[in-house]
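Shown next, in structure tokens, is the structure this report addresses.
Throughout, residue positions are numbered sequentially from 1 according to the sequence presented.
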Amino acid sequence: MYQVVPGGAGGTITDVIPKQKHSKDTQPLVGAGVIGLVLVIAAVTAWCYYIASLRKAELLKTQLLDLNKDGYIIRNQGGSIVFRMDFRSGTLDLDSCSKEGEMLSCERTTDRKLNFFIETVRPKDPVQCYRVRWEELVPDIPVEHAMTYKFAHWYGGAVSAIQHWPISIYGQQAPKPFVTSDIYSNRNEFGGILESYWLSSNATAIKINNSVPFHLGWNDTEKTMSFQARYNDSPFKPIPGEAPCAELSYRICVGLDVTSIHKYMVRRYFNKPNKVPAKVMFRHPIWSTWALHKTDIDQEKVLTYAANIRKYKFNCSHLEIDDRYTSRYGEFEFDPTKFPNASAMFQKLKSNGFLVSLWIHPFVNYDSENFHTCVERGLFVREPTGRLPALVRWWNGIGGILDFTNPEARDWFSSQLRSLRSRYGVSSFKFDAGETNYLPWKFSTRTPIRDPSFFTRRYTEMAIPYNDRAELRSGYQSQNISCFFRPVDRDSVWGYELGLKSLIPTVLTISILGYQFILPDMIGGNAYLNRTDGNSVLPDRELYIRWLELSAFMPSMQFSIPPWEYDNEVVEIARKYTALHESIVAPRVLELAGEVLNTGDPIIRPLWWIATGDETAYKIDSQFLIGDDLMVAPVLEPGKQERDIYLPAGRWRSYKGERFDIKEPLHLTDYPVDLDEIAYFVWV
């Protein structure tokens with residue numbers, strides 16, 4: 001920058017030559033000359049400032065990104081602004097900035113030193129990416145950038161208790177730890193399946209680096225999402241032995257359309273499954289004891305449940321014995337009172353063609369016989385000093401939580417599962433919990449964890465030996481575990497808060513985060529007391545039927561409340577849709593599942609996947625695609641036997657045989673859908 005410095009010689013000059021008296025005729029000429037000189041100097045100065053500003057403006061540009069002292073903007077190839085980020089943790093001193101090749105770097109804010117850079121990364125056209133890093137050099141100073149979300153619709157991040165598609169932001173939230181949580185009991189937190197990745201309808205994607213102590217906040221007045229890195233007042237930890245200097249680093253990529261940019265990001269930054277689970281999991285439903293019996297389960301009820309599955313002529317991929325088959329939580333043996341002859345029960349189930357999986361969890365309650373063993377062997381997560389095990393409260397009591405960063409704890413837990421498999425022939429396990437909210441706020445583990453959600457990752461790894469039929473409800477960087485992931489328990493209600501309407505937005509969100517083998521929880525929800533629509537202990541009959549129809553078009557189906565608890569008509573509808581799932585849906589899903597191993601592309605897709613130029617498609621949360629050629633539009637409202645349907649441009653055939661050859665999107669208003677129907681359309 002140019003700086004005006006006062007100049008000229010000091011002191012007083014004494015004239016030795018007598019002053020001559022100027023005539024009045026020469027005074028106007030002198031005045032004009034002075035004015036002219038001033039104008040020339042002003043013009044030169046202005047020109048210098050102009051040239052300097054041009055050089056600075058050129059310096060602070062890289063490709064389609066413009067940097068200023070308070071943030072930056074990114075434009076697309078057409079020149080429109082598609083992304084804006086504001087700096088909330090300081091103002092850059094632009095005089096400290098320089099440009100070398102494709103990297104802009106700055107060394108100071110207006111009040112302190114830092115390391116900051118934006119580097120242009122040149123992948124294959126037409127994708128343009130930028131690496132951004134802001135690193136503080138002083139401990140305990142948070143780094144915060146605020147992304148404006150008003151330019152587009154956004155998707156991704158995490159599952160939530162009230163799930164919308166696209167993301168809907170309400171109110172203000174100071175940045176809080178972006179870690180996995182059980183949203184059934186903590187409904188304002190982030191969910192159990194979570195990745196620091198967001199995607200927008202204007203073909204922009206952002207991926208926060210996994211090393212960042214990441215906190216997320218928002219403000220619906222400013223229309224911003226706050227991305228913050230900090231260690232102070234946070235469960236995140238710095239590298240052992242290093243000062244807690246926060247660093248916020250991420251990558252932004254811009255493409256031509258939302259589908260292609262997502263494909264690029266998934267292929268480059270996400271883990272992918274390395275195998276497809278057992279095919280029968282896609283073809284035949286799972287039958288769980290949970291919603292029907294809760295913890296009041298015993299040997300007779302399991303055998304009766306299995307007998308009824310056969311009596312009513314349903315297929316079964318496996319039978320799942322859920323909560324409270326043991327005497328105490330943390331034990332791995334059947335309660336002899338409730339299951340007087342577990343071996344005989346398993347033999348009978350096997351002879352009738354049933355495989356059986358068991359519910360398990362990472363907790364050992366203090367009244368369990370295994371609690372003392374785990375304390376003595378140091379198998380639990382510990383309090384911060386590492387000297388004592390940390391007690392935690394979960395939904396079934398108080399106890400320790402196994403430290404899955406500890407090889408001894410992993411081996412002990414694995415040995416218990418292997419024992420159940422060898423003794424009874426257990427086929428697999430339903431791995432419950434795993435979220436970080438069940439860890440103490442401050443804790444220590446055998447292998448230090450910087451990011452609490454890495455505990456979730458370690459827990460999900462325990463499912464790998466059983467991933468043909470295993471089921472997980474939490475996930476963080478866990479796409480390659482290669483088993484089914486299910487959203488947290490649903491209530492037996494119609495709405496968006498863990499109800500039927502939340503199901504499609506939740507499945508689409510999980511898919512965008514890279515988890516494609518999805519088990520959409522139990523048909524009709526969990527029938528919890530005071531969280532069930534209807535006048536009985538069963539879910540509302542109409543709700544149950546609509547839930548069943550939707551589940552038939554998901555990658556896998558799961559019953560617990562059986563259809564015969566209602567009436568013969570519901571049984572017939574259930575038979576109809578389990579058969580439809582096996583004959584129409586499962587073959588297509590299995591074909592797509594094989595492609596997932598290479599591409600990571602969703603099996604269940606949003607409508608914008610094939611209609612990237614249509615604004616309406618970005619807002620539809622009650623329809624979805626299986627692949628590119630099967631579109632599903634369930635009824636999700638009580639008392640309705642019709643619905644509005646959006647058909648993307650193309651050649652479609654409805655389930656009724658109607659043909660639609662359309663060059664523009666078509667809205668079908670009040671399209672009739674009877675109670676025993678679900679609207680679906682096949683690309684011709």
Side-chain angles (χ1 to χ4, degrees), residues 139-140 142 158 175-183 185-186 189-194 196 210-216 228-244 246 329-330 360-366 368 370-413 431-462 472-478:
D140 294 325
K176 61 182 180 179
F178 191 68
V179 294
T180 59
S181 184
D182 175 0
I183 52 173
S185 56
N186 301 275
E189 300 301 321
F190 305 113
I193 298 175
L194 166 151
S196 53
N210 295 332
S211 60
V212 172
F214 183 53
H215 299 66
L216 179 67
Q228 187 189 75
R230 75 169 193 262
Y231 292 110
N232 188 35
D233 187 30
S234 170
F236 288 90
K237 302 173 185 176
I239 296 174
E242 293 192 5
Y329 295 107
I360 56 168
H361 53 83
F363 308 103
V364 179
N365 278 11
Y366 69 89
S368 164
N370 286 324
F371 185 81
H372 179 73
T373 299
C374 293
V375 170
E376 287 294 310
R377 295 179 58 180
L379 305 185
F380 289 141
V381 171
R382 305 177 80 80
E383 45 79 39
T385 68
R387 293 193 296 267
L388 296 172
L391 290 180
V392 300
R393 182 182 294 277
W394 63 298
W395 68 89
N396 277 327
I398 297 174
I401 183 168
L402 291 167
D403 177 5
F404 292 104
T405 75
N406 181 349
E408 292 181 37
R410 294 165 69 91
D411 289 345
W412 181 82
F413 186 71
F431 291 79
D432 214 351
E435 300 92 347
T436 66
N437 67 290
Y438 293 112
L439 296 169
W441 178 253
K442 297 292 184 182
F443 64 92
S444 63
T445 50
R446 175 68 65 86
T447 302
I449 294 178
R450 297 180 59 201
D451 179 347
S453 293
F454 194 68
F455 178 87
T456 299
R457 164 69 197 190
R458 280 285 179 251
Y459 177 59
T460 62
E461 291 170 356
M462 304 308 298
L472 285 159
R473 83 168 196 190
S474 57
Y476 175 67
Q477 302 176 31
S478 304

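- Taking W441 as the reference, nothing meets the ring pair (Phe, Tyr, Trp, His ring centres under 6.0 Å) condition, with sequence neighbours excluded.
- Panel note: side chain N365, backbone N396; a donor-acceptor pair is recorded below 3.5 Å.
- Side-chain contact between I401 and L439: present, with at least one pair of heavy atoms (C-beta onward) separated by less than 4.5 Å.
- If you look at F443 and F455, their ring centroids are not closer than 6.0 Å.
- Here the closest non-hydrogen pair linking R473 and I193 is O-CG1, 3.9 Å.
- For the residue pair E383 and A390, the shortest heavy atom distance occurs at N-CB, 3.8 Å.
- The distance from atom OG1 of T447 to atom CG of N406, rounded to the nearest 0.5 Å, is 7.5 Å.
- The side-chain heavy atoms of P177 and P235, taken from C-beta on, include a pair separated by under 4.5 Å.
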message = Checking Y231 against R450 for the side-chain hydrogen bond (donor to acceptor under 3.5 Å, both in side chains) test, could you report, in this order, the C-alpha distance in whole Å, the side-chain angles of both residues, the deciding distance, and whether it holds?
response = CA-CA 10 Å; Y231 292 110; R450 297 180 59 201; 3.0 Å; yes
inquiry  = The test is side chain to side chain contact (heavy atoms under 4.5 Å, CB included); show your working for L216 and Q228 and say whether it passes.
reply    = CA-CA 6 Å; L216 179 67; Q228 187 189 75; over 6 Å; no
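- Summarising the geometry, atom CD belonging to E376 is positioned 11.0 Å from atom CZ belonging to F371; distances are rounded to the nearest 0.5 Å.
- Listed here is the closest heavy atom pair of V392 and G400: CG2-C, 4.3 Å.
- Rounded to the nearest 0.5 Å, atoms CG (L388) and CG (L391) are 9.5 Å apart.
- Judged as a ring pair (Phe, Tyr, Trp, His ring centres under 6.0 Å), and not counting sequence neighbours, the contacts of F236 are H215.
- The shortest side-chain heavy-atom distance between V212 and S196 does not fall under the 4.5 Å cut-off.
- F214 has its ring centre less than 6.0 Å from the ring centre of F178.
- Side chain of S444 to backbone of T385: no donor-acceptor contact under 3.5 angstrom is found.
- Salt bridge present: R457 and E461 bring a charged side-chain N and a carboxylate O closer than 4.0 Å.
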query = Can you check salt bridge (Lys or Arg N to Asp or Glu O under 4.0 Å) on K237 and D451, steps first, answer last?
reply = CA-CA 7 Å; K237 302 173 185 176; D451 179 347; over 6 Å; no
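- No close placement of the Y438 and W394 rings is indicated, their centers lying 6.0 Å or farther apart.
- The closest side-chain heavy-atom distance from L402 to F404 is below 4.5 Å.
- Separating the OG atom in S185 from the CZ atom in R393 is a distance of 12.0 Å, to the nearest 0.5 Å.
- Separation of atoms CG (N186) and CG (N437) is listed at 5.0 Å; rounding is to 0.5 Å.
- The shortest heavy-atom contact between Y459 and G434 is CD2-CA, 3.4 Å.
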request  = List the steps, then state whether side chain to side chain contact (heavy atoms under 4.5 Å, CB included) holds for H361 with F431.
outcome  = CA-CA 6 Å; H361 53 83; F431 291 79; over 6 Å; no
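- Ion pairing between R230 and D140 fails under the 4.0 Å rule for side-chain N and carboxylate O.
- Rounding to the nearest 0.5 Å gives a distance of 13.5 Å between CG of D233 and NZ of K176.
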request  = Using the side-chain hydrogen bond (donor to acceptor under 3.5 Å, both in side chains) rule, take S474 and T456 through it: C-alpha gap first, then chi angles, then the decisive distance, then the call.
outcome  = CA-CA 7 Å; S474 57; T456 299; 5.0 Å; no
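- Not counting sequence neighbours, Y476 has no partner by the ring pair (Phe, Tyr, Trp, His ring centres under 6.0 Å) test.
- A donor and an acceptor atom, one from each side chain of S453 and T436, are nowhere located under 3.5 Å apart.
- Ion pair D403/R382 not flagged as a salt bridge, since none of the NZ, NE, NH1 or NH2 atoms sits closer than 4.0 Å to an Asp/Glu carboxylate oxygen.
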key: E408 vs L379, side chain to side chain contact (heavy atoms under 4.5 Å, CB included): CA-CA, chis, key distance, verdict   = CA-CA 7 Å; E408 292 181 37; L379 305 185; 3.9 Å; yes
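- The two atoms that bring R458 and T405 nearest to each other are CG-CG2, 4.3 Å, heavy atoms only.
- Nearest heavy atoms, N370 versus V364: C-CG1, 3.9 Å.
- The shortest side-chain heavy-atom distance between C374 and F380 falls under the 4.5 Å cut-off.
- Here F363 and Y329 keep their ring centres 6.0 angstrom or further from each other.
- At least one side-chain heavy atom of W395 sits under 4.5 Å from a side-chain heavy atom of D432.
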